[in-house]
Structures are given as structure tokens and as C-alpha cells.
S.K.: 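Below is the structure I would like to discuss, written out as C-alpha cells.
The figures that follow rest on heavy atoms only: side chains count, while hydrogens, waters and symmetry mates do not.
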Amino acid sequence: MNTNTPGEITLTREFDAPRSRVFQAWTDPLQLAQWWGPFGFSNPRCELDPRPGGKIHVDMRGPDGMVYPMPGEYREIVEPERIVFTAGAADDAGTLLFEILNIVTFEEASEGKTRLTLRTELIHATEEAKERYLSGQKIGWSQSLVRFGEFLTPAEEQPGAPNEIIISRVFDAPRETVWEAITDPEQVVQWWGPHGFSTTIQEMDLRPGGVWNHVMHGPDGANYPNRSVFTEVVKPERLSYSHGGHKEGG
């Protein structure tokens, strides 16, 4: 069930994980930082003191690089059954624009699964906050719970996990120079692709949601069209994009 009042929603989801595991992922800052927030968000600062009166502070960084500080306080902790906490957003002067009471319950379901219910109650908010922040709360929480489910799923059970590759390299150049070499089309075409390949960039719209279309030309004369969509652009720290090949003209 979802209510329509800004700041007040109810969401129920079932996760394929034991209740103790699900509860811990809400109270351990290292775990919560990996899934908290809508799609494309990260949490460079995540501080939790899970006890009545304990403080919460999460800095949520959006795909555009903007940081949204979220202060809060725990009201109730009943492991592994229930968490009650406040959360909100503050302006530059530290004044709360809105504050919400969040009530999260964890119930044992069949076959080791957990039923989670999230209910939010608006404590107070400015009219601007209701329009700017709270109107998208339902979507934000829904996406966050999707990320939470993916976090709980073991890597070997996630679709495509066997194809995951992690590569780390250190380059003898300043970070800004490396960033430009990866995002400037005139520089990208000079190094992109395996040995013997060349690349033509048709479009490179460097912003969240922007499209990058390019064609890789093999040494045998074959062309390999590629289409990517940027999901996160935080200069000069982080660049994320989806990537896939497609047929010419497709």
C-alpha cells in the first residue's frame, strides 16, 4: 500500500534473506552505505549510532555530484524486529527543511525470507520542501529498496555476475589529466579499443542520462557500433555508464 500524502508512505517488500541479516544491513554503516538512496546515488559519509537517542548522518551524493546531507536520530531499536528513526534535510544554516519519522519492521516469512514494512510519517516540513523533496519520496524509497534487494543477493546468484570484471591501474598523471583523457572525445579516439582498432565517436553527451555512441573499426575492416548511457558524472572523481553493442542502424 502507498499513501499519497507527501512525507507519508507505506511500502512492504519481501527479501530472500534471514531476518537477522536484513536487520544488520540497516544498522551497519558499511553495509547501509552500499545500498542507501535512489538509483545512481552513493553515500561518501555514513555514520550510524543505532541505539535510542543515537545520531544518524548520511551524505547522499547524486549522479550530478550534488551532496544531500541527511541528519537523523534513532527513537527505537528492537533487534531484529523494529527500527524507528527520524531523518530529514537541512539548509546551509542548519535549519531542518523537513523531518520524517521512519518505522521499519522486520517479520520472518517462509523459507528463511524476511518481510520488511516501511512506514513514514511527516513530522514537519516547509512548503518548498514538500514540493522539492517529498514529492519524490515514494520513488526514492522504492528504488532504494530495489538496491537493497540486490545488495542482499549473493554475487554468484546475481544475473551477469560471472561476467563482472574489476581492473585497477595507477597512472603517472594528475587525476584531472586522466579524467580529461577519458571524457574528451578528441582524446578518447586516440586510445580507445584493442590493438589495431580505431574509433569514431558520433555522440558523447557527458551528463547523467546522456548518450555516447561510437563505432570501433577492427583491423579486418569490420565495424562494431556501441551505445552507452551515462548514469553518474562526478568530475573528476567518478564516471559510470551502461554499455552495450548494437547493430548498425539499430
S.K.: Can you tell me how far apart CD1 (I182) and CD (E180) are? Round to the nearest 0.5 Å.
M.R.: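 Here the interatomic distance stands at 10.5 Å.
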S.K.: Any sub-3.5 Å donor-acceptor pair from W35's side-chain atoms to A25's backbone N or O?
M.R.: yes
S.K.: Could you check if a side-chain atom of T183 sits within less than 4.5 angstrom of a side-chain atom of K235, using non-hydrogen atoms only?
M.R.: no
S.K.: Is E232 close to S42 at the side-chain level, that is, under 4.5 Å between some pair of heavy atoms?
M.R.: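 Side chain of S42 against side chain of E232, heavy atoms only: contact under 4.5 Å found.
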S.K.: Hey, is CG on D220 packed in by over 12 heavy atoms from elsewhere, all under 6.0 Å?
M.R.: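 Result for CG/D220: enclosed.
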S.K.: Run the salt-bridge test on E203 and R227 with the 4.0 Å N-O cut-off and return the result as yes or no.
M.R.: no
S.K.: Would a distance-only check, ignoring hydrogens and angles, find a side-chain to backbone donor-acceptor pair under 3.5 Å from R51 to I77?
M.R.: no
S.K.: Treating Ile, Leu, Val, Met, Phe, Trp and Tyr as nodes and any side-chain heavy-atom pair under 4.5 angstrom as an edge, say whether M70 and F148 lie in one connected cluster.
M.R.: yes
S.K.: Taking atom CZ of R21 and atom CZ of F106, what is their separation to the nearest 0.5 Å?
M.R.: 12.0 Å
S.K.: How long is the span from the CZ atom in R238 to the OG1 atom in T231, to the nearest 0.5 Å?
M.R.: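 With rounding to 0.5 Å, CZ (R238) is 8.0 Å from OG1 (T231).
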S.K.: Do the side chains of L97 and L122 join up, straight or via other hydrophobic residues, at under 4.5 Å, putting them in one cluster?
M.R.: yes
S.K.: Do the non-hydrogen side-chain atoms of V233 and L239 ever get within less than 4.5 Å of each other?
M.R.: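 V233 reaches L239 side chain to side chain.
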S.K.: Do the ring planes of Y74 and F85 sit parallel (below 30°), tilted (30 to 60°) or perpendicular (above 60°)?
M.R.: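 Rings of Y74 and F85: tilted, as their planes differ by 30° to 60°.
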S.K.: Does CZ in R119 sit with more than 12 non-hydrogen atoms of other residues, nucleotides or ligands closer than 6.0 Å?
M.R.: no
S.K.: Quick check on the hydrophobic clustering: are L30 and V22 connected, directly or via other members, by side-chain heavy-atom contacts under 4.5 Å?
M.R.: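 Per the 4.5 Å side-chain linkage, L30 and V22 are not co-clustered.
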S.K.: Under a 4.5 Å cut-off applied to non-hydrogen side-chain atoms, are F23 and I83 in contact?
M.R.: yes
S.K.: Answer whether the closest heavy-atom distance between the side chains of R19 and E81 falls below 4.5 Å.
M.R.: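 In short, these two side chains touch, coming nearer than 4.5 Å.
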S.K.: Side-chain contact test, heavy atoms from C-beta onward, threshold under 4.5 Å: evaluate it for P219 versus F197 and give yes or no.
M.R.: yes
S.K.: Taking atom CD of E186 as the centre, report whether more than 12 heavy atoms of other residues, nucleotides or ligands fall under 6.0 Å from it.
M.R.: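 Not buried by this count: 12 neighbours or fewer within 6.0 Å.
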S.K.: In terms of ring plane angle, is the pair F41 and Y68 parallel, tilted or perpendicular, where the classes change at 30° and 60°?
M.R.: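 Taking Y68 first and then F41, their aromatic rings sit tilted (interplane angle of 30° to 60°).
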S.K.: Between P38 and M60, is any pair of side-chain heavy atoms under 4.5 Å apart?
M.R.: yes
S.K.: Is there a path of hydrophobic side-chain contacts, each under 4.5 Å between heavy atoms of I, L, V, M, F, W or Y residues, that connects F230 with V178?
M.R.: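 Same cluster.
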S.K.: Below 30° counts as parallel, above 60° as perpendicular, anything between as tilted: where do the rings of Y241 and W212 land?
M.R.: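 Answer is perpendicular, since the angle exceeds 60°.
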S.K.: Distance check, rounded to the nearest 0.5 Å: N226 atom CG versus I201 atom CD1?
M.R.: 11.0 Å
S.K.: Let me check something: do I123 and L96 share a hydrophobic cluster, defined by ILVMFWY side-chain heavy atoms less than 4.5 Å apart, either directly or through other members?
M.R.: no
S.K.: Say you draw a straight line from CH2 of W36 to OG of S144; how long is it, rounded to the nearest 0.5 Å?
M.R.: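 Interatomic distance, W36 CH2 to S144 OG, rounded to 0.5 Å: 6.0 Å.
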S.K.: Answer yes or no: is there a donor N or O on one side and an acceptor on the other, between the side chain of T86 and the main chain of E73, under 3.5 Å?
M.R.: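 Here the side-chain-to-backbone pair exists.
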S.K.: Mind checking the CE-CG spacing from M204 to N213? Nearest 0.5 Å is all I need.
M.R.: 11.0 Å
S.K.: Within a 6.0 Å radius of atom CD1 on I139, are there more than 12 heavy atoms belonging to other residues, nucleotides or ligands?
M.R.: no
S.K.: Taking T114 for the side chain and F15 for the main chain, is one N or O donor matched with an acceptor at less than 3.5 Å?
M.R.: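 Here the side-chain-to-backbone pair does not exist.
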S.K.: Which atom pair, heavy atoms only, marks the closest approach of M216 to G193?
M.R.: CE-CA, 3.8 Å
S.K.: May I ask you to decide whether R82 forms a salt bridge with E76, counting only side-chain N to carboxylate O separations under 4.0 Å?
M.R.: yes
S.K.: So R13 and S142, do their side chains get closer than 4.5 Å, heavy atoms only?
M.R.: yes
